[in-house]
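For reference, the structure discussed in these notes is given below.
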Amino acid sequence: MLDVILDAVLDSLKILPFLFLTYLLMEYIEYNAMGKLTKVISKFRRSGPLFGGITGIVPQCGFSAAASGLFSGGVISIGTLIAVFLATSDEMLPLFISHGMNGDKIISIVIVKILISIVTGFAVDGMLFLLKKKRIKSIHDFCEDEHCDCEDGIFKSALIHTIKIWIFVFIVNICLNILLNSTGFMNISEFIGNRAWIAVPLVCLIGLIPNCASSIVITECYLSGIISSGAMMAGLLVSCGVGLLVLYRSNHSLKENVCITAAMYIIGIFWGFVIEFFGIVF
């Protein structure tokens with residue numbers, strides 16, 4: 001039990017600086033920049049998926065948590081959020097490196113993840129633009145929903161936002177760690193190996209679990225030769241750490257959150273089968 005709590009503490013602590021800096025930026029945009037910074041950001045909004053795909057590849061789920069906060073405040077688009085989620089590698093890179101995986105293979109996987117995230121992010125934004133689905137959400141609305149007493153200063157407000165989100169993530173992480181440890185989550189590899197025909201959607205479903213354990217299991221299964229490149233990519237594309245947890249806590253539109261989660265799952269399966277179909281091996 002102590003190990004479960006310790007893992008939850010460590011996983012949650014990793015996102016603290018990202019959350020605080022994100023909410024500090026959001027407060028600054030609304031209350032100190034007098035709209036100037038917002039105009040600058042809006043100019044680069046259409047290029048969001050490009051920057052999201054590049055920054056999201058850093059092996060740290062803090063970027064996905066930060067992206068969820070920025071999306072909830074209306075700063076970035078859905079396409080940019082999804083690009084960050086798809087690119088986020090969580091525990092993938094450290095495990096590849098620690099297992100002595102060939103550098104060329106690691107670079108290939110990283111590049112493919114970046115390209116998929118950027119292309120998908122632009123495709124999502126483009127589709128929503130054609131459908132004229134404009135999302136109207138402002139940082140001011142977010143602050144009102146959170147009742148954060150913004151008039152007391154941006155540092156206090158950002159700290160309140162951070163604490164609220166962090167407590168939620170910490171509690172859910174403990175519950176997930178208890179569940180995963182009690183059900184023998186690592187033994188899922190046997191189920192995957194015996195049912196290759198369902199590996200892509202199953203591994204993708206595992207990747208959606210908002211916990212670093214999912215990316216660890218997927219990476220270990222791939223390194224052990226239990227799952228294929230397509231299944232591995234499908235799972236790791238949607239494995240965005242605690243990004244989804246922060247999204248569900250900070251964005252108050254449950255319908256929107258469910259649609260994003262479903263879209264992530266469909267996107268992961270799609271690219272997984274594309275890689276399987278073309279016989280791509282890393």
Side-chain angles (χ1 to χ4, degrees), residues 11 14 49-64 67 82-123 180 185-243 264-282:
D11 288 343
K14 288 189 294 185
L50 174 62
F51 296 107
I54 295 174
T55 58
I57 200 61
V58 177
Q60 171 58 264
C61 63
F63 280 103
S64 62
I82 289 179
V84 174
F85 279 1
L86 294 176
T88 299
S89 60
D90 204 11
E91 301 296 331
M92 179 193 78
L93 278 179
L95 283 175
F96 279 162
I97 295 172
S98 64
H99 279 73
M101 187 178 187
N102 184 284
D104 292 338
K105 290 185 177 181
I106 296 177
I107 293 174
S108 297
I109 293 173
V110 170
I111 290 176
V112 168
K113 283 194 97 224
I114 292 176
L115 292 177
I116 288 177
S117 63
I118 293 173
V119 169
T120 305
F122 278 121
L180 297 179
F185 191 55
M186 290 300 292
N187 294 329
I188 197 69
S189 60
E190 296 180 8
F191 182 83
I192 296 173
N194 295 329
R195 296 166 175 81
W197 57 273
I198 203 174
V200 170
L202 179 59
V203 174
C204 193
L205 188 62
I206 293 173
L208 281 176
I209 298 175
N211 189 283
C212 66
S214 59
S215 62
I216 292 174
V217 170
I218 294 169
T219 304
E220 291 286 357
C221 285
Y222 175 70
L223 290 170
S224 301
I226 297 172
I227 60 175
S228 63
S229 295
M232 177 272 294
M233 187 60 71
L236 292 180
L237 279 172
V238 301
S239 184
C240 54
V242 298
M264 288 281 292
Y265 184 59
I266 294 171
I267 290 168
I269 291 176
F270 170 78
W271 286 112
F273 278 127
V274 167
I275 291 174
E276 288 287 334
F277 179 80
F278 287 101
I280 299 174
V281 178
F282 298 104

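Predicted model, so just to flag it, every value in this text is computed and none were measured.
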For I114, side chain to side chain contact (heavy atoms under 4.5 Å, CB included) partners two or more places apart: I57, V110, I118
Any side-chain heavy-atom pair of L236 and T219 under 4.5 Å: yes
Spacing of CD1 belonging to I267 relative to CG belonging to L237, to within rounding of 0.5 Å: 9.0 Å
Between OG on residue S117 and CZ on residue F85, distance to nearest 0.5 Å: 12.5 Å
With sequence neighbours excluded, residues passing side chain to side chain contact (heavy atoms under 4.5 Å, CB included) with N102: D104, K105
Smallest separation among heavy atoms of G268 and A234, with atom names: O-CB, 3.3 Å
For residues 200-209, dump all side-chain donor-acceptor pairs below 3.5 Å to protein atoms at least two apart in sequence or in another chain.
none

Straight-line distance of K113 NZ to L86 CG, nearest 0.5 Å: 7.5 Å
Those residues that, when tested against I266, pass side chain to side chain contact (heavy atoms under 4.5 Å, CB included) (two or more places apart): none
Main-chain N/O of T88 paired to S64 side chain as donor or acceptor, under 3.5 Å: no
All pairs passing side chain to side chain donor-acceptor pair (under 3.5 Å) where residues 268-282 contributes a residue, at least two apart: T120-W271, S228-E276
Residue list, side chain to side chain contact (heavy atoms under 4.5 Å, CB included) with I280, at least two apart or on another chain: I275, F278, F282
From CE (M232) to CE (M92), nearest 0.5 Å: 7.5 Å
